[in-house]
Colleague: 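Input: one structure, supplied below.
Per chain, numbering begins at 1; letters A, B, ... match sequence-line order.
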Amino acid sequence: MAKNSKTIISGPEAVRVRFAPSPTGYLHIGSARTAFFNWLFAKKTKGKFILRIEDTDMSRHMEEPIDLIMDSLKWLGINWDEGPDTGGNFGPYRQSQRKDIYSSYAGKMIADGNAYYCFCSQEKLAEKRQSFIEGRGSDYYEYDRECYYLAKDKIEQNLKEGIPYTVRLLVPDDYDIAFTDTVYGPISVNSGTQEDFIIIRSNGLPTYNFSAAVDDILMEITHVIRGEDHLSNTPKQILIYKALDEELPVFTHLPMIHGADGQKLSKRHGSISIEAYRDEGFLPEALRNYLALLGWAFDEKTTVFSSNDLINKFSLKDINKKPAKFDYEKLLWLNGYYIRQMPEKELEKLLAKRVTSADISIKGKNITDKNIAAVLPAIKKIIPLIKERVKTLKEARDITVKFFEDINYENDFIEYIKSNKERALGITEDALSLLKNIDDFSHQGIEAALRSISEKRNIGFRKVAEIIRAAIWGARVSPPMFGTMEILGKDTCIARLDSFMDMLS
RNA sequence: GGCCCGUUCGUCUAGGGGUUAGGACAGCAGAUUUUCAAUCUGCCAGCAGGAGUUCGAUUCUCCUACGGGCUACCA
């Protein structure tokens, strides 16, 4: 009999949780949330967070994704106490390296009569399924236990002859598999709904439900926190615990994250890898905050949580059941919020890093880590101008780059300006002669000079600014114009006004 | 098909037998303004449907509908 679930944690130190991705690609946004919730819970309880790689499917797993996943976790600020790279007392932390462990446990289960050898080939199984389905007219099929009834000497003989075999769990009849999920409450399933599923494949490697359960036992995992898609797998794993006579961990299943259409979040919904969000210029702290809000809430009003807030306030009890739709707009808003709150020094570092990798040049020279010093003063001045109007670092980079690149006058806005060429020319000329003669090329000086144009011509400054902006920025929208011009500097502004005039006439 | 799970504004959610059902994002309107943002103010908008329990259900129970998951020698 399986022992009762651990409903009381014996002490905060005792908590051990794990994130167990299979390395099939990148770190998915949903997996990231699972990892994060595990991590939060570990931090909150001062427990241990373990990273375990579930790479038992030889046909699917690759080496690169393991590094990719670890990099993404680190970028998000999720560190682990034990894992494939850091080691620990419960290793190895890659399932592909634990084959012997699973075999010995399977062997023990066979010896105890809780599991049995199955010599049915995949072809034979397919036939069984086929004929069964045809006979019943339904697509429901479960293994008929043919090999369970094999005589002892026949089994010995098959083994001796080297006939490939799998190991199946002997599922007890009419047993009530019950557990209490932290989120979903009491759940019970009759064992009659479970077939004698395979725990060891013919290649000797374990299947997911077996390796996960065995490792959770051996790694002394106290709380299993994972996606709701595993809720239906839990009874199978409980059966393993029962066969091994082990105490159950606390199970906590997290609601799924869906796309806007309610389907499982996938590529067609946009970016789903953490790397993509990093590249698009999202801040890890914003992403963490948003992820936390997907399926968890602290109270009726708080939306923004610092990382410490999150650790202090997080509780498994506050996780809700309803699947959440991923709302990119809200993430964007949150990211913008974090950018606005960020100290300028920090933003400066992040932006400088992006600018050096942006492949732009000043005076024919690419900006690299080496000569970044040349543009750093400008970046320092650009930041206050843009930090309130960008939502991602990528946007910030794009605007910054425009300060250094050659201007381009080919777009609809410029066409529109051309529709009143006379006035545009006149205003540009005015600006040019005024600006050439001011000594104080600060935004105050520039403003005073340019505003005089609207007085002289008796038109709204709005109209004047439109033209100047077109000339110095080439677009309808720019960062605050006077500040922008100050950063651009007198020479550049005059050069741009000149070429704007040339372009017009 | 079988089993499991879910359903509060468009979205994320709070709430809970009697509430003007609260907040945030988005949207709309206004203020501000050299553009765009940011900021501030206001507005719009929700308990899937049907029975039952009850003096009273959005809240509790059941059913239906819809959605999701599992049902592999995937994880």
Colleague: With respect to the side chain of Leu231(A), which nucleotide from G6(B), C5(B), U13(B) is positioned closest?
Modeller: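 Side chain of Leu231(A) sits closest to C5(B).
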
Colleague: Rounding to a whole Å, what distance do you find between Ile459(A):CD1 and U34(B):P?
Modeller: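 Nearest whole value for this atom pair: 14 Å.
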
Colleague: Measure from NZ or CZ of Arg168(A) to the centre of the six-membered ring of Tyr143(A), then state whether that distance is under 6.0 Å and the direction lies within 45° of the axis.
Modeller: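 Yes, a cation-pi geometry.
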
Colleague: Write down the partner of A57(B) under the Watson-Crick or G-U wobble criteria, each distance required to be under 3.5 Å.
Modeller: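 The answer is none; no pair meets the criterion.
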
Colleague: Name the nucleic acid region contacted by Ser478(A), choosing base, sugar-phosphate or nothing; use a 4.0 angstrom heavy-atom cut-off, strictly under.
Modeller: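 Base contact.
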
Colleague: Any side-chain N or O of Arg340(A) below 4.0 angstrom from OP1/OP2 of U39(B)?
Modeller: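 Yes, because at least one side-chain N or O of Arg340(A) sits under 4.0 Å from OP1 or OP2 of U39(B).
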
Colleague: Measure from NZ or CZ of Arg476(A) to the centre of the six-membered ring of Phe413(A) and say whether it is under 6.0 Å with the direction within 45° of the ring axis.
Modeller: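 Judged by the rule (NZ or CZ under 6.0 Å from the ring centre, within 45° of its axis), Arg476(A) is not positioned above Phe413(A).
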
Colleague: What's the closest nucleotide to the Thr207(A) side chain, out of G69(B), U35(B), A75(B)?
Modeller: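 My answer, after comparing the listed nucleotides, is A75(B).
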
Colleague: Check this for me: does the side-chain of Ser232(A) come within 3.5 Å of the base of C3(B) through a donor and an acceptor?
Modeller: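 Flag unset: no donor-acceptor pair detected.
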
Colleague: For Glu63(A), is there an ion pair with Arg94(A) - N to carboxylate O distance below 4.0 angstrom?
Modeller: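 Result for this pair is yes, salt bridge flagged.
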
Colleague: Does Arg129(A) place a side-chain N or O at less than 4.0 Å from the phosphate oxygens OP1/OP2 of A72(B)?
Modeller: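 Answer is yes, contact under 4.0 Å.
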
Colleague: Both Pro255(A) and Ser202(A) contact RNA chain B. Which one's nearest nucleotide lies toward the 5' end?
Modeller: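 It is Pro255(A) whose nearest nucleotide is closer to the 5' end.
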
Colleague: Sort out the partner of C40(B) for me: Watson-Crick or G-U wobble, both distances under 3.5 Å, none otherwise.
Modeller: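 G30(B) is the nucleotide pairing with C40(B).
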
Colleague: With a cut-off of 3.5 Å and sequence neighbours excluded, list every side-chain donor-acceptor pair involving residues 477-487 of chain A.
Modeller:
from, atom 1, to, atom 2, distance (Å)
Ser478(A), OG, Arg469(A), NE, 3.0
Thr484(A), OG1, Pro479(A), O, 3.3
Thr484(A), OG1, Pro480(A), O, 2.7
Glu486(A), OE1, His443(A), N, 2.7
Glu486(A), OE1, His443(A), ND1, 3.1
Glu486(A), OE2, Lys381(A), NZ, 2.9

Colleague: Assess, by modelled atom type and distance only, whether the side chains of Tyr116(A) and Asp196(A) contain a donor and an acceptor separated by less than 3.5 Å.
Modeller: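 Indeed, the side chains of Tyr116(A) and Asp196(A) share at least one donor-acceptor pair under 3.5 Å.
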
Colleague: Between G27(B) and U11(B), how far apart are the two P atoms, rounded to whole Å?
Modeller: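 It comes out at 16 Å once rounded to the nearest Å.
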
Colleague: Once you round it to whole Å, what is the distance between C1' of C4(B) and CG of Asn233(A)?
Modeller: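 Result: 11 Å.
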
Colleague: So Tyr208(A) and His230(A), ring pair (Phe, Tyr, Trp, His ring centres under 6.0 Å) or not? Walk me through it.
Modeller: CA-CA 11 Å; Tyr208(A) 164 73; His230(A) 290 295; 5.2 Å; yes

Colleague: Is there a side-chain polar atom (N or O) of Arg201(A) under 4.0 Å from OP1 or OP2 of A75(B)?
Modeller: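 Yes.
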
Colleague: U39(B) P sits how many Å from Ile339(A) CD1, rounded?
Modeller: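 For the pair Ile339(A) CD1 and U39(B) P, the rounded distance is 13 Å.
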
Colleague: Scan every strand shown for a Watson-Crick or G-U wobble partner of A21(B), both distances under 3.5 Å, and answer none if you come up empty.
Modeller: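 WC or wobble partner does not exist here.
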
Colleague: Looking at Arg462(A), I'd like to know whether one of its side-chain N or O atoms comes within less than 4.0 Å of OP1 or OP2 on U33(B).
Modeller: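 So the side chain of Arg462(A) is outside the cut-off, no N or O lying under 4.0 Å from OP1 or OP2 of U33(B).
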
Colleague: Watson-Crick or G-U wobble partner for G1(B), using a 3.5 Å limit on both distances?
Modeller: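 Result: U71(B).
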
Colleague: With rounding to the closest Å, how many angstrom separate the C1' atoms on C12(B) and G46(B)?
Modeller: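 13 Å, rounded to whole Å.
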
Colleague: Atom pairs under 3.5 Å, N or O on each side, protein against nucleotides 20-28 of chain B: can you list them with distances?
Modeller:
from, atom 1, to, atom 2, distance (Å)
G22(B), N2, Glu300(A), O, 2.8
G23(B), O2', Lys301(A), O, 3.3
A24(B), N3, Lys330(A), NZ, 3.0

Colleague: Side-chain N or O of Arg451(A) versus OP1/OP2 of U34(B): is the shortest distance under 4.0 Å?
Modeller: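 Arg451(A) to U34(B) OP1/OP2: side-chain N or O found under 4.0 Å.
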
Colleague: Do any side-chain nitrogens or oxygens of Lys322(A) fall under 4.0 Å of OP1 or OP2 in G68(B)?
Modeller: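 It does not, given that no N or O in the side chain of Lys322(A) lies less than 4.0 Å from OP1 or OP2 of G68(B).
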
Colleague: Nearest to the Ala297(A) side chain among A14(B), C73(B), U35(B), which nucleotide is it?
Modeller: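 Among A14(B), C73(B), U35(B), the one nearest the side chain of Ala297(A) is A14(B).
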
Colleague: Reading RNA chain B from 5' onward, which residue's closest nucleotide shows up sooner: Cys120(A) or Pro186(A)?
Modeller: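 Result: Pro186(A).
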
Colleague: Rounding to the closest angstrom, what is the interatomic distance between U13(B) and A21(B) at atom P?
Modeller: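 Result for the P pair: 22 Å, nearest Å.
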
Colleague: Taking the P atom in each of G52(B) and A14(B), what is the distance between them to the nearest angstrom?
Modeller: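 Per the computed distance, 31 Å lies between those P atoms.
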
Colleague: What integer number of Å spans the C1' atoms of C44(B) and G2(B)?
Modeller: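 Rounded to whole Å, the distance is 45 Å.
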
Colleague: Just to be sure I understand the rule, does Gly295(A) reach a base, reach only the sugar-phosphate, or reach nothing, if contact means heavy atoms closer than 4.0 Å?
Modeller: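 Result for Gly295(A) = sugar-phosphate.
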
Colleague: Within 45° of the axis and under 6.0 Å from the centre of the six-membered ring of Tyr175(A), does NZ or CZ of Lys242(A) qualify?
Modeller: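 Yes; both conditions hold, so Lys242(A) lies above the ring face of Tyr175(A).
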
Colleague: For Leu265(A) and U11(B), what is the distance between atoms CG and C1' respectively, to the nearest whole Å?
Modeller: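 Nearest whole value for this atom pair: 14 Å.
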
Colleague: Within 45° of the six-membered ring axis of Phe37(A) and under 6.0 Å from that ring's centre, is NZ or CZ of Arg33(A) located there?
Modeller: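 That pair qualifies as a cation-pi contact.
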
Colleague: What is the nucleic acid contact for Ser121(A), judged by heavy atoms within less than 4.0 Å: base, sugar-phosphate only, or nothing?
Modeller: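 Counting heavy atoms under 4.0 Å across all strands, the contact made by Ser121(A) includes a base.
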
Colleague: Crowded around Asp412(A) CG? As in, over 12 foreign heavy atoms under 6.0 Å?
Modeller: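 No - once you tally the heavy atoms of other residues, nucleotides and ligands closer than 6.0 Å, there are 12 at most.
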
Colleague: Rounding to a whole Å, what distance do you find between Asn209(A):CG and A75(B):P?
Modeller: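 Answer to the nearest Å: 9 Å.
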
Colleague: If I take atom CG from residue Asp430(A) and atom CG from residue Leu450(A), how far apart are they, to the nearest 0.5 angstrom?
Modeller: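 Atom-to-atom, Asp430(A):CG and Leu450(A):CG are 10.0 Å apart.
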
Colleague: Rounded to whole Å, please give me the gap between CZ in Arg226(A) and C1' in C70(B).
Modeller: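 In whole Å, C70(B) C1' lies 12 Å from Arg226(A) CZ.
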
Colleague: With heavy atoms under 4.0 Å as the rule, sort Leu294(A) into base, sugar-phosphate or nothing.
Modeller: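 If one applies the 4.0 Å heavy-atom cut-off, Leu294(A) turns out to touch the sugar-phosphate alone, with no base involved.
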
Colleague: Counting heavy atoms from C-beta on, name the nucleotide in U34(B), A38(B), C4(B) closest to the side chain of Ile187(A).
Modeller: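 Nearest nucleotide to the side chain: C4(B).
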
Colleague: Ignoring hydrogens and geometry beyond distance, is a side-chain donor-acceptor pair present between Thr234(A) and His253(A) at under 3.5 Å?
Modeller: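 There is such a pair (donor and acceptor under 3.5 Å, judged by atom type) between the side chains of Thr234(A) and His253(A).
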
Colleague: Just the atom pairs and distances: protein N or O near nucleotides 65-67 of chain B's N or O, under 3.5 Å.
Modeller:
none

Colleague: Describe the nucleic acid contact of Pro480(A) in one word from base, sugar-phosphate, nothing, applying a heavy-atom distance below 4.0 Å.
Modeller: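 It contacts base atoms.
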
Colleague: Could you check which nucleotide pairs with A65(B) in any of the strands shown, counting Watson-Crick or G-U wobble with both distances under 3.5 Å?
Modeller: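 Pairing partner: U7(B).
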
Colleague: Under 4.0 Å between a Lys/Arg side-chain N and an Asp/Glu carboxylate O for Glu195(A) and Arg145(A)?
Modeller: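 Between Arg145(A) and Glu195(A) there is no salt bridge, as every charged N stays at least 4.0 Å from the carboxylate O atoms.
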
Colleague: Roughly how many Å is it from OH in Tyr290(A) to P in U11(B), rounded to a whole number?
Modeller: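 Spelled out: OH on Tyr290(A) to P on U11(B) is 12 Å.
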
Colleague: Within the structure shown, what part of the strands sits under 4.0 Å from Lys387(A) by heavy-atom distance: base, sugar-phosphate, or nothing?
Modeller: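 Nothing: the residue Lys387(A), judged by heavy atoms under 4.0 Å, touches no strand.
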
Colleague: Determine the sole option in Tyr337(A), Tyr338(A), Trp296(A) for which the ring pair (Phe, Tyr, Trp, His ring centres under 6.0 Å) test with Phe305(A) is passed.
Modeller: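 One option only clears the test, and that one is Trp296(A).
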
Colleague: Grab the CZ-C1' distance between Arg476(A) and A37(B) for me, whole Å please.
Modeller: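 My rounded result for the distance is 16 Å.
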
Colleague: Using a 4.0 Å heavy-atom cut-off across all strands, classify Phe482(A) as base, sugar-phosphate, or nothing.
Modeller: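 Base contact.
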
Colleague: Using only side-chain N and O atoms of Ser211(A), determine if any of them is under 4.0 Å from OP1 or OP2 of A75(B).
Modeller: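 So the side chain of Ser211(A) is outside the cut-off, no N or O lying under 4.0 Å from OP1 or OP2 of A75(B).
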
Colleague: Counting only side-chain nitrogens and oxygens, does Asn320(A) get under 4.0 Å of the OP1 or OP2 atom of U13(B)?
Modeller: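 Affirmative; the distance criterion is met.
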
Colleague: Taking only the side-chain heavy atoms of Tyr208(A) (C-beta and beyond), determine which of C70(B), A75(B), C73(B) contains the nearest atom.
Modeller: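 Closest of the options to the side chain of Tyr208(A): A75(B).
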
